[in-house]
*Asks:* 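Here it is: the structure, laid out below.
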Number of protein chains: 2
Amino acid sequence: MTGFPRKHFLEISIISYYAVVKRKTKTALVKLDIRAVAERARVSIATVSRTVNGIPSVGPDLAKRVWKAIEELDYYPNTQARGLVSGRSRLLGLVISEITNPFFPELIQGFEEIAVENGYEILIGSTNYDPKRMNLVIRRMLERKVEGVAVMTFGIEEPLLQQLAERRIPLTLIDFDLPSPLVSTLRVDYGAGIGQAVHHLAALGHRQITFISGSATLHSARARVDAFKIAAKEARFSPKDARIVEANHTIEGGMLAFERLQARGELATAIMCSNDMTAIGVLRSAFSIGLRVPRDLSIIGFDDIRFAQFTTPPLTTVQMSRVDLARTAFFALRDHGEIPLKATTPREYTIPTKLVVRQSTDVPRDSLKRN
Amino acid sequence: MTGFPRKHFLEISIISYYAVVKRKTKTALVKLDIRAVAERARVSIATVSRTVNGIPSVGPDLAKRVWKAIEELDYYPNTQARGLVSGRSRLLGLVISEITNPFFPELIQGFEEIAVENGYEILIGSTNYDPKRMNLVIRRMLERKVEGVAVMTFGIEEPLLQQLAERRIPLTLIDFDLPSPLVSTLRVDYGAGIGQAVHHLAALGHRQITFISGSATLHSARARVDAFKIAAKEARFSPKDARIVEANHTIEGGMLAFERLQARGELATAIMCSNDMTAIGVLRSAFSIGLRVPRDLSIIGFDDIRFAQFTTPPLTTVQMSRVDLARTAFFALRDHGEIPLKATTPREYTIPTKLVVRQSTDVPRDSLKRN
DNA sequence: ATGAAAGCGCTAACAG
DNA sequence: CTGTTAGCGCTTTCAT
């Protein structure tokens, strides 16, 4: 009987918005608010409120009466009223690029889970890579008085966020710095996973690797390219042997990039992709011209979306945990929000990445090791 | 200047929660509510409210003053307060099975789009096929005072919905009847698409088709099986030649089902799957034992998820438009909500399906037509 | 056409 | 410990 402060109410039975109550000889439809509970429990509404919020100062007998009344009436509090008076909405915003990109549903799932566990609800907004939509999305969230926003899009619009940050609302960004007290950033350690990938390929005997990047306009795509460059250099690939071409993080983009490479006779023995969708496109195009993966061509993806396990062959890829991302984003937001304006919370979190070796990589096609 | 009744406010600039206002000689942080706007425009708060809500009785000059003040202050209304007093939350619930099932993101996208266009926000809840979670999900939505819930899960729990329906909240279900004034149902016309698929196969010369269904506990899975049975009968397949085996709508399930079939020597020349994920699993398993699709085996999916275009070979499948589904669900909800309790809105909508022929179907492997 | 005032359902001082 | 009361920011009568 300790109350469910802001948690989801009444776990057992479904609740009626209206309760049927006998009054005199007539049956009337009565609004089911805190007052109704108070009357029935013969206490003040303040006591009901305290009970519901688990404030310890309520005497055990009264509390029992209140809970009894609550159950009998199937009462549950009105979130809007709670939010209005307390100034807290228990709402968090999650901004993503587009929900049909398989990367995001897994992120959303993780975020929703942890948020709901903690009594928050989430509002999702997709930008579809359009800065104007980003603007609108954020406005919607502001109107709903979200207590924090996680901007998990691939491309981030500096000026927009700048304004958001000035609005005194906690913000969590991915791969993007914004020096402001309520902003924290999740820094993905691209270097780790991409480094492993390059070394994996080098160890296999590959002397040339082509990296198919995402759009250079996207922050996170550039970060991956940079990580690749560094890794390639460390592994002593010359720039010529570590060519970089640009695609757009879609299957079609991957197909196109591959076909262009192939048409120009520039096919390396190994291709690394900036994300799994691109890799899937490459896989598909390679297959359609009769190349066998990994015998004729090694392919590595990035993200480790669930589907990567089910390509043919299963895709070797760099894993970045969406669940980590989601949980970290949530706690970053919450920690900046719960103790408002207390500016001691860390501003930066690192998200690890690591190579997952499956079956799309092998020794190069002309390798002596094969003989 | 007609007002933005409940639409997203101030489309141009990002708004400050606090506005910096000169007062006497000091710069002060002032709360930005309707009163601030009223003061600045030298009108009453009632007038501001009317202006904002586009109520025509406001004189044009006053309206202009109000809008000017609104813009200067970057004011936007507080949704919680609005909701509290008006009893409307402009929130709609969308219950799905699980967001990582590629079927749903496309549905969500459609639903979100149309909802936002109409000034609604959506709350998403995933049941993960667990009735208990369904219960919780719905409770969350009730607490937030959603104005309607679209339950688009594959499996539907009758008693739960029954209680929901009694709660006077508009409900839209998929493939599920619930005789209640505020409940509408979207009836997917499985027969059409599945019929076309069976006939397509029959016309190609297939004499045996195996149907791999989803879990029989799911309503929508059963509906697909039933449609298949009818179509097979119409096409004069004997029950023996139109075998049905059960899987679970996942890639793994499809792989398993195929392997079982293959191990028992029960492989038909054509396999129809209850959804695309299953078909992808079958495709993958078939490939791994050296079967070529469609030469050795024809495969048809269901749903037409986006990825179906990118399998190898591209998947012939029955298309059910998620956008249709989403839009229809939205309007069904809205029409039951806007004119509260007016019970003349249609209760039933049909969602069409149709076969999309791609490259995973061909004449059977032993067909004379090939020679 | 405009304003004053009464709440919406709840929380949070402030009394006792 | 418990109750009374004053709003949270807004919409909506009811006057004018």
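Only heavy atoms go into these numbers, but all of them, side chains included; no hydrogens, no water, no symmetry mates. Per chain, numbering begins at 1; letters A, B, ... match sequence-line order.
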*Asks:* How many whole angstroms separate atom CD1 of A:Ile34 from atom C1' of D:dG3?
*Replies:* 13 Å
*Asks:* If I take atom CZ in residue A:Arg65 and atom C1' in nucleotide D:dT2, what distance separates them, rounded to the nearest angstrom?
*Replies:* 11 Å
*Asks:* Just call it for B:Thr47: base, sugar-phosphate, or nothing, with non-hydrogen atoms closer than 4.0 Å on any strand.
*Replies:* sugar-phosphate
*Asks:* Closer than 4.0 Å, any side-chain N/O of A:Arg82 to the OP1 or OP2 of C:dT11?
*Replies:* yes
*Asks:* May I ask you to test the B:Leu92-B:Arg334 pair for a side-chain heavy-atom distance under 4.5 Å?
*Replies:* no
*Asks:* Identify whether the distance between the nearest side-chain nitrogen and carboxylate oxygen of B:Glu121 and B:Arg144 falls below 4.0 Å.
*Replies:* no
*Asks:* For A:Ile169, what residues pass the side-chain contact (heavy atoms from CB on, under 4.5 Å) criterion, not counting sequence neighbours?
*Replies:* A:Leu142, A:Val146, A:Val149, A:Leu164, A:Arg167
*Asks:* Nearest whole angstrom, please: distance from the C1' of C:dG9 to the CG of B:Leu142.
*Replies:* 16 Å
*Asks:* Using a 4.0 Å heavy-atom cut-off across all strands, classify A:Leu62 as base, sugar-phosphate, or nothing.
*Replies:* sugar-phosphate
*Asks:* How many Å lie between CD1 on A:Ile70 and C1' on C:dC10, as a whole number?
*Replies:* 13 Å
*Asks:* Roughly how many Å is it from CD1 in B:Ile45 to P in D:dT13, rounded to a whole number?
*Replies:* 15 Å
*Asks:* Closer than 4.0 Å, any side-chain N/O of B:Lys31 to the OP1 or OP2 of D:dG9?
*Replies:* yes
*Asks:* Got a donor-acceptor contact below 3.5 angstrom from the B:Glu147 side chain to the B:Arg90 backbone?
*Replies:* yes
*Asks:* Given 3.5 Å as the limit, does a donor-acceptor pair link the side chain of A:Asp33 with the main chain of A:Arg35, or not?
*Replies:* yes
*Asks:* Pick from B:Val183, B:Thr153, B:Leu186: which one makes a side-chain contact (heavy atoms from CB on, under 4.5 Å) with B:Leu173?
*Replies:* B:Val183
*Asks:* Within a radius of less than 6.0 Å around CZ of A:Arg327, do more than 12 heavy atoms belonging to other residues, nucleotides or ligands occur?
*Replies:* no
*Asks:* Verify the contact: side-chain N or O of A:Ser57 to OP1 or OP2 of D:dC1, cut-off strictly under 4.0 Å; return yes or no.
*Replies:* no
*Asks:* Report the distance from atom OH of A:Tyr349 to atom OG of A:Ser184, rounding to the nearest 0.5 Å.
*Replies:* 5.0 Å
*Asks:* Counting only side-chain nitrogens and oxygens, does A:Ser86 get under 4.0 Å of the OP1 or OP2 atom of C:dT11?
*Replies:* no
*Asks:* Is it the case that the side chain of B:Ser89 and the backbone of B:Lys145 share a donor-acceptor pair, with hydrogens and angles ignored and the cut-off at 3.5 Å?
*Replies:* yes
*Asks:* What is the distance, rounded to the nearest whole Å, between atom CG of B:Leu84 and atom C1' of C:dG7?
*Replies:* 9 Å
*Asks:* Is the shortest side-chain N/O distance from A:Tyr75 to OP1 or OP2 of C:dC10 below 4.0 Å?
*Replies:* yes
*Asks:* At 10 degrees resolution, what angle do the end axes of the helix from C:dA1-D:dT16 to C:dG16-D:dC1 form when each is taken over five base pairs?
*Replies:* 40°
*Asks:* Tell me: CG of B:Asn78 to C1' of D:dT11, nearest whole Å?
*Replies:* 13 Å
*Asks:* Counting only side-chain nitrogens and oxygens, does B:Asn53 get under 4.0 Å of the OP1 or OP2 atom of D:dT11?
*Replies:* yes
*Asks:* Nearest whole angstrom, please: distance from the C1' of D:dC1 to the CD1 of A:Ile55.
*Replies:* 12 Å
*Asks:* Using heavy atoms to find the nearest nucleotide of DNA chain C for A:Val85 and B:Val85 separately, return the residue whose nucleotide is more 5′.
*Replies:* B:Val85
*Asks:* Is A:Val58 touching bases, backbone alone, or none of the nucleic acid, heavy atoms closer than 4.0 Å?
*Replies:* sugar-phosphate
*Asks:* Please list, pair by pair, any protein nitrogen or oxygen found under 3.5 Å from a nitrogen or oxygen in nucleotides 13-16 of chain C.
*Replies:*
from	atom 1	to	atom 2	distance (Å)
C:dA13	N6	A:Arg50	NH2	3.2

*Asks:* Judged by atom type as modelled, is there a donor-acceptor pair below 3.5 Å linking the side chain of A:Arg140 to the main-chain atoms of B:Tyr120?
*Replies:* no
*Asks:* If you find the nucleotide of DNA chain C closest to A:Asp33 and the one closest to B:Gly59, which residue's nucleotide is nearer the 5' end?
*Replies:* B:Gly59
